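The structure displayed is predicted, hence computed values, not measured ones.
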Amino acid sequence: MGSNINKPVSMIIFHNAGQLSSYLQSVRKKSQSTGFVPTMGALHEGHISLIKQSKTTSHITICSIFVNPTQFNNKADFEKYPSTLEKDVELLLVSGCDILFVPSVEEIYPGGTGEKPSYDLGFLETVLEGFYRPGHFQGVCQVMDRLLNIVQPNHLYMGLKDYQQCMVVRRLIELKQWQNQIQFHGCPTLREPDGLAMSSRNLRLSPEERNKAAAIYQALMLMKENVKPGSLAELKEKARLHLIQNGFRIDYVEIADAVTLELKSEWNGTQQLTALIAAFIGDVRLIDNMRLN
Ligand code: AMP
């Protein structure tokens with residue numbers, strides 16, 4: 001706490017969307033810029049790195065904690081999603097976050113969660129996470145549409161750990177023609193010392209599962225270190241084997257064009273490539289990705 005000793009730390013917590021909106025209107029009237037970090041809570045240093053990024057560019061940083069029911073295609077995953085609100089508030093206070101928004105489901109969806117707006121996400125909704133989690137990105141767009149309407153931030157900070165989600169939210173910003181109002185920032189992935197990407201879901205791993213979980217990072221590194229022009233099949237197979245040997249059940253191990261997310265079976269030696277993995281250890285589904293070149 002040393003560096004905070006003389007600094008009064010305070011953070012306003014809102015539960016009501018209307019109250020937050022009017023407060024932020026007064027912030028904008030003072031020509032203060034705003035940065036927004038949407039989360040589902042169970043915060044870790046990865047989330048806090050987004051808060052820190054926001055603080056470098058914006059006068060006022062807003063974080064939201066909302067476990068969005070409409071983006072879960074698996075009911076058990078939603079019900080088991082970790083919640084550590086008291087600790088989250090502590091972490092946000094220490095990081096210097098100015099405003100925390102913790103809405104109820106009714107506050108975000110006053111008309112109920114049955115209303116399903118439709119967003120044209122094209123190819124993004126059919127590939128990788130879009131394919132394995134049907135409806136997930138529609139739910140992400142639904143909640144982001146609502147949150148961005150309430151907060152109307154100048155800057156939006158999201159983690160590249162959720163690579164495809166970043167692409168989807170950029171697409172949402174285009175669809176809503178918000179490009180001139182909201183600047184999107186994709187932020188690097190923070191990792192544990194053994195390489196495992198920090199994630200709220202890591203809290204659900206048993207000690208034994210936690211020991212094996214870094215195999216995802218190792219599989220990504222294996223692809224990064226061995227990628228060469230030509231067929232990518234053998235490389236992906238090696239990464240799959242490494243995961244299976246460590247007890248993972250795989251949804252996908254893929255290599256894609258880093259810009260379009262088009263899946264690649266061959267590399268011409270110049271395209272920007274990203275490797276992406278989604279796999280279960282026990283009943284916990286983890287995702288991660290890495291730029292290969
Ligand atoms: P979540 O609470 O999982 O919805 O994550 C909220 C935001 O934090 C999203 O934009 C995530 O991509 C980002 N995030 C999650 N894990 C990490 C991490 N390890 N490093 C950086 N950002 C992260």
Side-chain angles (χ1 to χ4, degrees), residues 37-51 63 65-92 94-95 102 128-136 139-140 158-165 187-225 236-254 275-290:
V37 179
T39 80
M40 298 205 295
L43 301 184
H44 49 67
E45 282 305 316
H47 296 115
I48 298 304
S49 73
L50 307 188
I51 302 283
C63 174
I65 295 182
F66 179 64
V67 184
N68 174 34
T70 72
Q71 74 186 65
F72 285 82
N73 52 325
N74 177 331
K75 197 162 170 257
D77 189 28
F78 173 60
E79 281 162 0
K80 287 186 194 160
Y81 201 84
S83 167
T84 57
L85 189 58
E86 250 177 65
K87 187 173 151 247
D88 294 351
V89 169
E90 284 286 309
L91 276 175
L92 289 170
V94 173
S95 71
V102 194
L128 302 173
E129 290 299 282
F131 179 81
Y132 283 92
R133 301 187 67 188
H136 168 63
V140 167
M158 298 190 74
L160 289 167
K161 170 173 173 291
D162 299 286
Y163 195 80
Q164 195 170 357
Q165 172 171 271
C187 305
T189 302
L190 259 73
R191 298 179 180 281
E192 302 290 354
D194 65 354
L196 174 66
M198 291 182 182
S199 165
S200 307
R201 286 189 174 83
N202 295 349
L203 291 175
R204 291 185 45 213
L205 299 173
S206 69
E208 197 192 332
E209 287 165 349
R210 172 62 191 85
N211 277 339
K212 291 183 169 174
I216 293 195
Y217 172 73
Q218 292 151 8
L220 290 168
M221 283 302 288
L222 187 153
M223 290 192 272
K224 186 181 171 79
E225 282 163 4
K236 286 191 258 186
E237 198 44 43
K238 276 189 184 153
R240 290 179 73 87
L241 257 176
H242 185 71
L243 288 171
I244 290 166
Q245 280 161 0
N246 281 279
F248 276 88
R249 187 159 50 84
I250 296 169
D251 264 357
Y252 57 81
V253 171
E254 276 300 347
L276 305 105
I277 292 178
F280 286 88
I281 185 146
D283 67 347
V284 184
R285 186 176 186 273
L286 300 176
I287 62 170
D288 199 354
N289 67 83
M290 189 177 281

Could you grab the distance from atom [atom1] of [X] to atom [atom2] of [Y], nearest 0.5 Å is fine?
| X | Y | atom1 | atom2 | value |
| --- | --- | --- | --- | --- |
| Ile281 | Ser206 | CD1 | OG | 7.5 Å |
| Met198 | Thr189 | CE | OG1 | 10.5 Å |
| Leu222 | Tyr217 | CG | OH | 12.0 Å |

Do the non-hydrogen side-chain atoms of [X] and [Y] ever get within less than 4.5 Å of each other?
| X | Y | result |
| --- | --- | --- |
| Ser199 | Lys161 | yes |
| Met290 | Leu160 | no |
| Gln165 | Ile287 | no |
| Val37 | Thr39 | yes |
| Leu276 | Tyr252 | yes |
| Leu128 | Glu254 | yes |
| Gln164 | Val140 | no |

Can you list, pair by pair, the side-chain donor-acceptor contacts under 3.5 Å of residues 42-51, counting residues two or more places apart and other chains?
from, atom 1, to, atom 2, distance (Å)
His44, ND1, Gly46, N, 3.0
His47, ND1, His44, N, 3.1
Ser49, OG, Gly46, O, 2.6

Would you name the heavy atoms of [X] and [Y] that are closest together and state the gap between them?
| X | Y | value |
| --- | --- | --- |
| Gly282 | Phe280 | O-CB, 3.8 Å |
| Ala76 | Asn74 | N-OD1, 2.9 Å |
| Leu286 | Ala213 | CD1-CB, 4.2 Å |
| Ala275 | Leu220 | O-CD2, 3.7 Å |
| Ser200 | Pro82 | O-CG, 3.4 Å |
| Ile65 | Gly41 | CG2-CA, 3.7 Å |

Under 3.5 Å, sequence neighbours excluded: what are the donor-acceptor pairs made by side chains of residues 237-248?
from, atom 1, to, atom 2, distance (Å)
His242, NE2, Gln218, OE1, 2.7
Asn246, ND2, His242, O, 2.8

Taking atom types as modelled, find out whether Asn68 and Gln71 have a side-chain donor-acceptor pair closer than 3.5 angstrom. yes

Should Arg210 and Asp194 be marked as a salt bridge (Lys or Arg N to Asp or Glu O under 4.0 Å) after you check the CA-CA gap, both sets of side-chain angles, and the distance that decides it? CA-CA 10 Å; Arg210 172 62 191 85; Asp194 65 354; 2.9 Å; yes

Within the side chain of Asn202, is there an N or O that forms a donor-acceptor pair under 3.5 Å with the backbone of Ala197? yes

Side chain Thr84, main chain Lys87, donor-acceptor under 3.5 Å: no

Heavy-atom count check: over 12 atoms from other residues, nucleotides or ligands less than 6.0 Å from Phe78 CZ? yes

side-chain hydrogen bond (donor to acceptor under 3.5 Å, both in side chains): which pairs involve residues 279-289, sequence neighbours left out? Lys80-Asp283, Glu129-Arg285, Arg191-Asp288, Arg204-Asp283, Asp251-Arg285

For this output row, return yes or no: ring centroids of Tyr81 and Phe72 closer than 6.0 angstrom. yes

